[in-house]
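Beneath this line is the structure, given in structure tokens, with notes to follow.
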There are 2 protein chains.
Amino acid sequence: MAMGRPREFDVDKALDLALQVFWRKGYEGASMADLTETMGITKPSLYSAFGNKEELFRKALDRYVDGPGGYFQVALAKPTARAVVEHLLYESAAAVTDPNHPPGCLAVQGALSCGDAAESIKQELMSRRAKGEQDLRQRFERAIAEGDLPEGSDAADLAAYVSAILQGMAVQAAGGTTREQLRRIAEMALRTWPPGLASV
Amino acid sequence: MAMGRPREFDVDKALDLALQVFWRKGYEGASMADLTETMGITKPSLYSAFGNKEELFRKALDRYVDGPGGYFQVALAKPTARAVVEHLLYESAAAVTDPNHPPGCLAVQGALSCGDAAESIKQELMSRRAKGEQDLRQRFERAIAEGDLPEGSDAADLAAYVSAILQGMAVQAAGGTTREQLRRIAEMALRTWPPGLASV
DNA sequence: CTAGTTTCCTACCAATCGTTAGATAAGTGA
DNA sequence: TCACTTATCTAACGATTGGTAGGAAACTAG
């Protein structure tokens with residue numbers, strides 16, 4: 001059977017470029033003109049290859065999670081809860097200030113608040129963040145079971161606490177904070193890890 | 001001299017309604033149609049009373065800082081560094097989950113990332129966040145001078161740390177986290193406050 | 001009552017939004 | 001070479017964006 005005209009651009013390269021645009025401008029702030037211009041392709045090519053703007057964002061998001069955001073899954077595989085948190089905090093500080101990428105975290109600033117048209121993207125990012133926090137909670141549950149965290153620790157609370165610090169660091173990075181400053185924040189959080197049990 | 005036709009709507013009420021829209025949808029996500037509809041006025045009335053979209057946002061932001069975000073300045077006036085941080089964390093947990101308002105914090109989610117047209121608003125929010133962190137730093141410097149915080153503490157680092165936790169809580173709230181969960185995050189942060197000196 | 005001032009609303013502006021029709025070009029299999 | 005398939009492009013689509021003209025309406029000062 002016929003194979004048709006071959007594509008003249010690299011889909012993965014184009015997706016990486018789209019990711020940069022979404023990362024820097026957010027889902028709403030990135031226009032199709034922005035995207036096609038930096039991707040180096042025309043709009044029909046984009047639609048043919050990626051569906052529409054929303055599908056393009058979702059594919060870019062997948063690529064983000066497996067690429068620049070991959071440190072999260074790596075951290076979960078560390079042998080101790082402390083090593084997990086250390087890796088999370090330091091690698092996050094590095095990732096959100098990587099000069100090769102826009103500052104901040106796509107999962108946080110991609111669509112933190114938005115108009116009606118982007119609502120489903122906002123939901124997607126919310127559930128991704130929630131998923132990350134849940135994965136962390138399960139990792140802490142395991143740590144508690146292994147005696148790696150104090151008995152009586154609340155894995156869900158610890159996961160929410162670490163997630164909040166990570167997301168806060170992402171906001172700081174979006175505001176121009178330096179990598180060194182974020183590392184000091186990470187140090188301070190680690191200095192008191194784990195934050196001890198509630199005195200109920 | 002002649003006084004002209006009196007305005008038929010309450011400017012402050014309209015501004016409060018605009019604030020709700022910006023808070024929920026962000027600067028970019030809030031369209032003029034959204035704004036005029038919920039404000040209950042027509043576009044020419046809005047432009048006549050507030051200038052343009054950008055000025056309207058800035059005025060709504062001022063109103064936010066003096067209203068729902070007023071807990072920040074209140075916290076800075078507390079007598080001890082610990083009281084400052086306690087007030088900040090607990091009042092922030094309450095504010096970003098107040099059922100009478102959209103979830104989260106306008107200064108964080110108003111324009112965390114955006115297109116070119118909203119760049120100046122993004123900058124404005126960045127500098128407001130930086131200003132808040134700086135105010136907190138100065139408050140901690142005073143606390144150090146008063147012996148209220150351990151000698152050798154780094155006020156700037158402590159301010160960045162607390163700011164990150166507050167901003168992280170705002171992101172969590174935007175993601176639907178409950179007030180109770182945020183209070184537990186605040187508790188954990190307070191349990192280890194101040195985070196101790198670096199062991200350099 | 002009139003002149004002057006200001007707000008009101010309808011209708012519209014140009015520009016941009018995301019998206020697509022339709023024609024042409026470039027490849028494969030027979 | 002010919003039919004088939006797929007990618008390419010120009011040019012446009014209707015809808016929505018932020019923002020305004022221009023006139024009627026409502027007030028005050030004289």
Side-chain angles (χ1 to χ4, degrees), chain A residues 1-15 17-18 21-22 24-61 110-111 113-122 124, chain B residues 1-15 17-18 21-22 24-61 110-111 113-122 124:
Chain A
M1 65 177 68
M3 295 281 289
R5 177 173 177 172
R7 188 164 272 133
E8 294 181 359
F9 63 94
D10 184 325
V11 174
D12 287 337
K13 286 281 182 191
L15 198 50
L17 292 168
V21 177
F22 282 129
R24 183 153 33 89
K25 300 196 170 185
Y27 176 74
E28 269 183 342
S31 70
M32 296 304 293
D34 288 330
L35 290 163
T36 54
E37 190 177 350
T38 62
M39 293 167 85
I41 62 178
T42 62
K43 284 194 268 189
S45 293
L46 188 155
Y47 276 85
S48 164
F50 302 103
N52 58 16
K53 188 184 182 184
E54 188 167 329
E55 287 184 45
L56 175 62
F57 181 87
R58 294 190 134 92
K59 283 163 181 154
L61 178 58
S113 63
C114 59
D116 302 327
E119 191 66 25
S120 75
I121 294 297
K122 174 180 148 194
E124 169 80 27
Chain B
M1 66 177 67
M3 294 281 289
R5 178 173 176 171
R7 189 165 270 132
E8 294 178 1
F9 64 94
D10 184 324
V11 173
D12 287 338
K13 286 282 182 191
L15 198 50
L17 291 167
V21 178
F22 281 129
R24 183 152 32 89
K25 300 194 170 187
Y27 176 74
E28 269 183 342
S31 70
M32 296 305 294
D34 288 330
L35 291 162
T36 54
E37 189 177 351
T38 63
M39 294 166 86
I41 62 178
T42 61
K43 278 194 279 185
S45 292
L46 189 154
Y47 276 85
S48 163
F50 302 104
N52 58 15
K53 189 185 181 184
E54 189 166 327
E55 287 183 44
L56 175 63
F57 181 86
R58 294 189 135 92
K59 283 164 181 152
L61 178 58
S113 62
C114 59
D116 301 328
E119 191 64 27
S120 74
I121 294 296
K122 176 180 148 196
E124 168 82 28

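Worth knowing before you read on, the calculation uses all heavy atoms, side chains too, and leaves out hydrogens, waters and symmetry mates. Throughout, a chain's letter reflects where its sequence line sits, starting with A, and its residues are numbered from 1.
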Whole angstrom value for the distance that separates [atom2] of [N] from [atom1] of [X]:
X	N	atom1	atom2	answer
A:Leu35	C:dC17	CG	C1'	12 Å
A:Leu46	D:dA7	CG	C1'	14 Å
A:Ile41	C:dT20	CD1	C1'	15 Å
A:Phe9	C:dG27	CZ	C1'	16 Å
A:Glu8	D:dT6	CD	P	17 Å
B:Met39	C:dC9	CE	P	13 Å

task = Supply the atom-to-atom distance B:Leu61 CG to B:Lys59 NZ, rounded to the nearest 0.5 angstrom.
result =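 Atom-to-atom, B:Leu61:CG and B:Lys59:NZ are 12.5 Å apart.
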Sequence-distant partners of B:Glu8, salt bridge (Lys or Arg N to Asp or Glu O under 4.0 Å), two or more places apart
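In terms of salt bridge (Lys or Arg N to Asp or Glu O under 4.0 Å), with neighbours along the sequence ignored, B:Glu8 is linked to B:Arg5.
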Report task. May I ask you to decide if the ring planes of B:Phe50 and B:Phe9 are parallel, tilted or perpendicular, using 30° and 60° as cut-offs? Result ->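 Judged by the thresholds at 30° and 60°, the geometry between B:Phe50 and B:Phe9 is tilted.
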With B for base contact, S for sugar-phosphate-only contact and - for none (protein heavy atoms under 4.0 Å), nucleotides 12-24 of chain D reads B----SBBBB---
Requested in this report: Taking all non-hydrogen atoms of both residues into account, name the closest pair between A:Ala30 and A:Val21 and its distance.
Outcome: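 Residues A:Ala30 and A:Val21, closest heavy atoms: CB-CG1, 3.7 Å.
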- request: Name the closest nucleotide to the A:Ser45 side chain, picking from D:dT28, D:dA26, D:dT8.
  value: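 Per side-chain heavy atoms of A:Ser45, the pick is D:dT8.
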>> Taking side chain to side chain donor-acceptor pair (under 3.5 Å) as the cut-off, I'd like each qualifying pair that reaches into residues 43-53 of chain A, sequence neighbours left out, listed once.
In response: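 Those involving residues 43-53 of chain A are A:Thr42-A:Ser45.
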Exercise for review: Would you mind checking if B:Glu55 and B:Arg58 are paired as a salt bridge, meaning a charged N to carboxylate O distance below 4.0 Å?
Suggested key: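 Not counted as a salt bridge, because no side-chain N and carboxylate O are separated by less than 4.0 Å.
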- Item | Short side-chain N/O contact from B:Thr42 to OP1 or OP2 of C:dC9, under 4.0 Å | yes
